[in-house]
Enquirer: 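Here you go, one structure.
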Amino acid sequence: MARTGALLRAKKFQPGRFNFLAIGLGFIFQTAFLSIRGHALGRCPLTNLFEVFIFLAWSVALIYMLVGPVYRLSLMGAFTAPLVVLLQGFALIAPIDQPHPGKLPANSWLEFHASISLIAYGAFALACIAGVMYLVQERQLKTHHLHSIFYHLPPLTDLFAAITRLLWFGFALYTLGLVSGFFVGQPLPWVQVACAIGVWVLYAAILQGQHWRRFSPKRVAALCIIGFSAALTLLWGITFTAQMQSPP
Amino acid sequence: MNLFCVGLSHHNADVETRERFTGNPETDCVLRDSGCAEALVLTTCNRVEVYGAAEARVSTLDIARCLARKIDKHVPPDSAPFYRYEDKQCAQHLFRVASGLDSMVVGETEILGQAKKTYESARQSGAAGPYLHRLFQRAFRVAKQVRTHTDITRGAVSVGSVAVDLAEKIFGNLASCKVLVLGAGETSERTARALLSRGVADLRVSNRSAERAENLAALVAGRAIRFEEWPEQCREIDILVTSTSSDAPLLGRENLMSMLRDRIDRPLFIIDIAVPRDVDPNVNELDGVYLYDIDSLRSIADQSLALRRQQVAAAEAIIAQHVADFGQSISRALNRSPRDSEHPPVGETPLRASEL
């Protein structure tokens, strides 16, 4: 990330495999960490806010690995890395790694619901990143002020295609996660359910508006950023509330 | 053995002078007869240069005689302002030429391809031997390094190529783009050709004079559209190029807005190269519309050129390092036996066909 920033400032950035390799290496370490943690807990490591943020950062890296090379949006790595660093940095710095009191019983529906929802969040995060890239590129084209980054960003239509596919992918996973949430066998607070459905409705509205050509690509890009911010706030709320409500 | 370069370029000779010294079919033989062990002639639209290696000094006048288009033994010595570089200076000059630093448009890359072609044909004919081999191989390496480590080739520097670059930054692959050219003048033709060269397949031409529209359409493998029908075309096209001689704007914000309703998900790129302008500047405020007039295109071209010029110092530093290194390596080669020098050292192997 620092290397890309320095190269962009020096107007010497050459898109290459470095971003992909750097994120790939980080992904391997993240996977190792989550695996060790999962073995220690005897279940999917999603028992507190710390693990949720690490898992989310892992999901973003996973979706980037799957989607980035397909669309050849090489600079997407430079935009993805800050988000991964932010999520993981917050998880490591904030005092949120509170061990869950008592051993949590294994609940495969709950683990499936949580993990698939977080991978959906990863797709929404990348759609948000592609949205930021779209808005940056669009602004330069509108104002006729082309900076060094202009030459490295992908074409608008490619970015919009990436946004659309990431949104559909994330939406399908999120729907799966939402439906599986009703099978966890535990009563869920109605506020959480309402907020989760609210996020689903928001993304459904974005996709519907895009599909029926009611929203321009610029608006869809902006809504991706708003949607992910809302989804992240909801995730925080759900996990925080769950920790507060857990028995001492 | 000394390396030398004698030539004329756009810096010191006009096209008329350069035309007189583009060489003739006997140039290579004459150069050999003049005492050059190795020699090749690099001829482009901006330069005519002889690069050679000779045991004894070959005079500039002899070279000029060899280069004369018509075989003329009486070329007066001051007939053209030939420059001459020897050894290290010769290497430095070729490195600058191959890197595009000596070109009319700084950073252009065409010269490298021309130099590679010239060298390869000289190598095949035996006109270039181990000395020119080392010199040119190094020049190609330097050019590649300069291109990789500086922004000397960044951005388009002509109005037409800026427009096409922008189109690619909006649409990506232009093969599926529909283009309407409004106006059938020379500028329209140039822009249409630039778009065709990047893969545009669907090109429509409209002009007040249907005959001129048909003529241009035939030239650019497009189809002519009646002038009354062009506004309707805006519903389906992706790129609009306008260069009519209309006194009043042909396209305003209000009439374009109604056309855009059905195509909200597709951007429209408008290249207005007419003076006075054909398109109301306020059109650029519409969502999904990107309007560039001649001034904005020129401004981007100038920015690119300025950026390239800023990179010249960095490129010169790379060249200076290679000149010093090349000077040492050529001295070592000169101290070797002639038998050894027939075999180029590792890393200076002949060009592969794929590099040409």
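Each chain gets a letter, A, B and so on, in the order the sequences are listed, and its residues count up from 1. What you see is a predicted model, and the numbers here were worked out from it, not measured in a lab.
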Enquirer: As a quick check of understanding, evaluate salt bridge (Lys or Arg N to Asp or Glu O under 4.0 Å) for Asp202(B) and Arg204(B), giving each step before the final call.
Expert: CA-CA 7 Å; Asp202(B) 186 340; Arg204(B) 304 152 194 203; 3.0 Å; yes
Enquirer: Have Ser243(B) and Thr187(B) got a donor and an acceptor in their side chains that come within less than 3.5 Å?
Expert: no
Enquirer: Need one label for Glu285(B): side chain, backbone, both or neither, based on atoms under 4.5 Å from any heavy atom in chain A.
Expert: backbone
Enquirer: Checking Lys218(A) against chain B: side chain, backbone, both or neither under 4.5 Å from a heavy atom?
Expert: side chain
Enquirer: May I ask you to check whether His322(B) and Gln145(B) show a side-chain donor-acceptor distance below 3.5 Å?
Expert: yes
Enquirer: With ring centroids as reference points, do Phe27(A) and Trp58(A) lie under 6.0 angstrom apart?
Expert: yes
Enquirer: Which bit of Ile300(B) comes within less than 4.5 Å of chain A, counting heavy atoms only: side chain, backbone, both or neither?
Expert: side chain
Enquirer: Between Phe228(A) and Tyr203(A), is a side chain to side chain contact (heavy atoms under 4.5 Å, CB included) present by the stated rule, with each step listed?
Expert: CA-CA 9 Å; Phe228(A) 182 64; Tyr203(A) 276 103; 3.8 Å; yes
Enquirer: Tell me, side chain or backbone of Gln210(A) under 4.5 Å from chain B's heavy atoms, or both, or neither?
Expert: neither
Enquirer: Taking everything shown except Arg219(A) itself, do over 12 heavy atoms lie less than 6.0 Å from its CZ?
Expert: no
Enquirer: Please flag which part of Ser304(B) lies under 4.5 Å from any non-hydrogen atom of chain A: side chain, backbone, both or neither.
Expert: side chain
Enquirer: For Leu260(B), is it the side chain, the backbone, both, or neither that has a heavy atom closer than 4.5 Å to a heavy atom of chain A?
Expert: neither
Enquirer: Tell me, for Leu291(B) versus chain A, whether the close heavy atoms (under 4.5 Å) come from the side chain, the backbone, both or neither.
Expert: backbone
Enquirer: Please look at Phe215(A) and chain B and tell me whether the side chain, the backbone, both or neither of the residue comes under 4.5 angstrom of a heavy atom of that chain.
Expert: backbone
